[in-house]
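Only a predicted model underlies this, so the values are computations on that prediction, with no experimental measurement involved. Throughout, protein chains are lettered first and strands after them, A, B, ... in sequence-line order, and every chain is numbered starting at 1. These values consider heavy atoms only, across backbone and side chains, with no hydrogens, waters or symmetry-generated copies.
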Amino acid sequence: MRLSPAVRMSEYFLPTLRETPSEAEIVSHRLMLRAGMVRQESAGIYSWLPLGYRVLRKIEQIVREEMDAIGCHEVLMPTLQSADLWRRSGRYDDYGKEMLRLQDRHEREMLYGPTNEEMITDIFREHAKSYKDVPRMMYHIQWKFRDEVRPRFGVMRGREFLMKDGYSFDLTAEEGRISYNKQFVAYLRLYARMGLQAIPMAADTGPIGGDMSHEFIILAETGESQVWCDSDLLNLDLLNAKIDHRDADQMSDVIGKVTSYYAATDEQHDQAKFESEVPEDRRLSARGIEVGHIFFFGDKYSTPLGAKVQTKDGQTVPVQSGSYGVGVSRLAGAIIEASHDENGIVWPEPVAPFKVALINLRSGDSACDAACDDLYAKLQEAGIEVIYDDREERAGVKFADMELIGIPWQIIVGPKGLANGVVELKSRASGEKVELSADSALAKLAE
RNA sequence: CGGGGCGUAGCGCAGCCUGGUAGCGCAUCUGCUUUGGGAGCAGAGGGUCGUUGGUUCGAAUCCAGCCGCCCCGACCA
């Protein structure tokens with residue numbers, strides 16, 4: 001994946017809106033439309049415009065890197081699947097109207113995949129025969145479709161959505177726990193890298209039972225569910241915790257520590273337990289957005305689909321599996337919910353569409369143009385992603401647009417500053433502005 | 001799927017009650033003046049009023065069907 005390192009706004013397709021389209025209610029949806037990130041094509045289905053698509057790919061890439069880091073390997077499965085595969089697991093009839101069903105020209109029954117447990121299990125089944133073929137983990141990042149009765153909240157609850165779903169295959173449930181823990185640890189890191197505080201919360205494990213299902217929740221006023229947790233969870237430094245995914249004991253310790261704090265969604269919440277376990281000043285009750293869900297389900301699919309391997313002593317056993325989802329497109333909205341102000345989006349740097357916004361306050365002025373052209377070239381040389389506002393617009397328009405689209409750093413170049421040999425460097429998040437030479441600004445951004 | 005609401009220019013809206021073939025703000029285009037936080041003046045372009053049918057001399061407006069979208073609820077990454 002490579003994103004264009006630099007764009008000029010005079011050439012960029014960035015349809016920002018001054019007013020909010022009436023269909024958008026929550027802040028992330030409003031801002032995504034106003035910032036020209038997405039366009040709604042139909043209820044719960046969106047086109048991703050250049051700016052939005054950059055963000056989506058940044059999120060995707062972080063997820064990809066953290067999956068690769070734990071030895072989970074990327075594949076790509078199709079969006080369309082055959083009904084037969086789903087009949088074998090029994091889910092074709094169970095899934096209900098959320099599954100989009102269609103027919104090809106030969107009247108074969110197909111479906112637009114809402115998830116891929118069947119398919120990945122079938123892929124694994126064909127080639128894995130021995131205990132030497134496990135453990136294995138695979139994931140893909142693909143568009144899914146769930147025909148929600150009521151899509152809403154923009155990309156946060158669309159019908160079509162981009163999702164990372166990973167799957168693990170192990171010989172035993174005990175070994176499955178290690179795979180589960182690897183994913184757990186990767187999740188802690190990937191959310192932290194996006195600038196999010198994602199809190200793992202115990203989730204319903206259904207008929208499988210046990211303690212191997214967690215939802216990852218980020219707190220935001222517009223969250224869809226009520227959550228309760230120990231506020232100390234928000235102080236854990238997960239990004240800098242060095243965790244070796246090959247050290248099962250260490251992973252188990254870290255996860256044990258993280259999950260020892262009280263944290264529950266409304267389905268799992270126990271008020272009495274909450275009050276007895278958490279000191280009053282640390283009791284946090286808030287709204288949350290689910291941005292990931294990991295789940296161990298044993299042989300739920302391997303048995304009906306016949307995914308079996310032979311053990312050392314010659315027995316044939318079904319593999320033990322888990323699935324691990326991250327809502328990639330949802331995260332684009334969720335991050336905005338967690339990071340915005342009255343002027344627009346405030347992107348955390350790792351997912352920002354560009355690191356720097358270069359603002360020419362007087363396009364057409366030879367000194368301003370020359371200074372900006374020079375900075376634009378040098379930023380590119382330094383490998384710093386930049387969006388350059390070279391449009392013939394008034395200063396106010398340029399400031400407002402850059403605040404709206406939330407680029408972390410602005411370099412403001414105007415005739416007044418240039419007369420004194422300075423430009424301004426402004427932080428979107430803090431609003432802090434400093435005057436310095438163009439070279440110092442570059443040096444600061446290159447740090 | 002239950003309840004509610006809305007479809008009029010790219011966006012936000014008025015007009016509908018009380019029928020006479022469409023208007024405002026922003027955006028867009030042209031010119032002049034401006035130029036460090038969404039400029040001013042003058043002019044211009046842009047609409048089969050969601051759609052189909054009905055009532056009527058005449059429908060954005062009244063009536064019916066259909067389609068689309070949004071909100072609340074139940075359900076979900």
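Backbone-only engagement by A:Ser22 is indicated by non-hydrogen atom pairs under 4.0 Å involving sugar-phosphate atoms exclusively. Counting any heavy atom pair closer than 4.0 Å across all strands shown, A:Lys398 reaches no nucleic acid atom. Across all strands, A:Ala43 comes closer than 4.0 Å only to sugar-phosphate atoms, never to a base (heavy-atom distances). Across all strands, A:Lys433 comes closer than 4.0 Å to base atoms (heavy-atom distances).
Pairing for B:A14 is absent, with no Watson-Crick or G-U wobble pair whose two atom distances lie under 3.5 Å. Base pairing analysis places B:U21 opposite nothing; no Watson-Crick or G-U wobble pair with both distances below 3.5 Å involves it. Figure legend. B:C75 is base-paired to no nucleotide; pairs are counted as Watson-Crick or G-U wobble with both atom distances under 3.5 Å. The partner of B:U61 is absent, by the rule that a Watson-Crick or G-U pair needs both atom distances under 3.5 Å. Using the Watson-Crick or G-U wobble rule with both distances under 3.5 Å, B:C32 pairs with B:G40. Base pairing analysis places B:C6 opposite B:G68; the two distances defining the Watson-Crick or G-U wobble pair are each below 3.5 Å. Using Watson-Crick or G-U wobble geometry with both donor-acceptor distances under 3.5 Å, B:C49 finds no partner in any strand shown.
Under the 3.5 Å distance criterion, the side-chain polar atoms of A:Lys300 are left unmatched by any main-chain donor or acceptor of A:Ser89.
Distance, A:Tyr46 OH to B:C69 P: 10 Å, rounded to whole Å. Between the CG atom of A:Leu404 and the C1' atom of B:C26 there is a distance of 15 Å, given to the nearest Å. The separation between A:Arg30 atom CZ and B:C71 atom C1' is 14 Å, rounded to whole Å. The CG-P distance, from A:Leu17 to B:A9, rounds to 15 Å in whole Å. Atom P of nucleotide B:C11 and atom CD of A:Glu23 are separated by 9 Å, given to the nearest angstrom. Put simply, CD on A:Glu342 is 16 Å from P on B:G38, counting in whole angstrom units. Following rounding to the nearest Å, A:Arg391 (CZ) and B:G38 (P) show an atom-to-atom distance of 14 Å. Rounded to whole Å, atom P of B:C70 lies 11 Å from atom CG of A:Leu33.
A donor and an acceptor atom never sit less than 3.5 Å apart when one is taken from the side chain of A:Glu393 and the other from the base of B:G38. With hydrogens and angles ignored, no donor-acceptor pair under 3.5 angstrom links the side chain of A:Arg18 to the base of B:A27. Counting atom types as modelled, A:Lys426 pairs a side-chain N or O with a base atom of B:G37 as donor and acceptor under 3.5 Å.
Nucleotides B:C16 and B:C32 have their P atoms positioned 42 Å apart, rounded to a whole Å. On the P atoms, B:G43 is 13 Å away from B:G25, given to the nearest whole Å. Taking atom P in both B:A22 and B:G46, the straight-line distance is 13 Å, to the nearest Å. The separation of B:A74 from B:G38, taken at their P atoms, amounts to 44 Å, rounded to a whole angstrom. Nucleotides B:G73 and B:G54, compared at atom C1', are 36 Å apart to the nearest Å. With both ends at atom C1', the span from B:A60 to B:C13 equals 15 Å, rounded to whole Å. Distance noted for atom C1' between B:C6 and B:G40: 37 Å (whole Å). Nucleotides B:U30 and B:U21 are separated by 30 Å at their C1' atoms, to the nearest Å.
Remark: A:Glu117 engages A:Arg91 in a salt bridge, criterion side-chain N to carboxylate O under 4.0 Å. At a threshold of 4.0 Å, the pair A:Lys433-A:Glu424 counts as salt-bridged, since one of the basic side-chain nitrogens sits closer than that to a carboxylate oxygen. Between A:Glu403 and A:Lys426, at least one side-chain N (NZ, or NE/NH1/NH2) sits under 4.0 Å from a carboxylate O, which counts as a salt bridge. A salt bridge links A:Glu41 to A:Arg39: one of the charged nitrogens lies within less than 4.0 Å of a carboxylate oxygen. Checked for salt-bridge contact, A:Arg177 and A:Asp211 meet the test: a charged N lies under 4.0 Å from a carboxylate O.
Contact annotation: A:Gln40 side-chain N/O to B:G68 OP1/OP2 distance is not under 4.0 Å.
Side chain to side chain, A:Tyr139 and A:Asp165 fail the donor-acceptor criterion of an N or O pair below 3.5 Å.
Projected onto RNA chain B by closest heavy-atom contact, A:Glu19 and A:Asp401 fall at different nucleotides, the more 5' of which corresponds to A:Glu19. When each of A:Glu41 and A:Arg34 is assigned the nucleotide of RNA chain B bearing its nearest heavy atom, the one mapping closer to the 5' terminus is A:Arg34.
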Original post:
Nucleotide by nucleotide, 5' to 3', does protein get under 4.0 Å of the base (B), only the sugar-phosphate (S), or neither (-) in nucleotides 72-77 of chain B, counting heavy atoms?
Top reply: BBBBBB
For residues 436-447 of chain A, tabulate all N or O donor-acceptor pairs below 3.5 Å that involve a side-chain atom, not counting sequence neighbours.
| residue | atom | partner | partner atom | Å |
| --- | --- | --- | --- | --- |
| A:Ser437 | OG | A:Ser440 | N | 3.1 |
| A:Ser437 | OG | A:Ser440 | OG | 2.7 |

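Counting only heavy atoms from C-beta on, A:Arg394 has its side chain closest to B:A39 among B:A39, B:C70, B:G38.
Distance OH/A:Tyr95 to OG1/A:Thr115: 6.0 Å, rounded to 0.5 Å.
You'll find the side chain of A:Asn360 stays beyond 4.5 Å of the side chain of A:Asp365, heavy atoms only.
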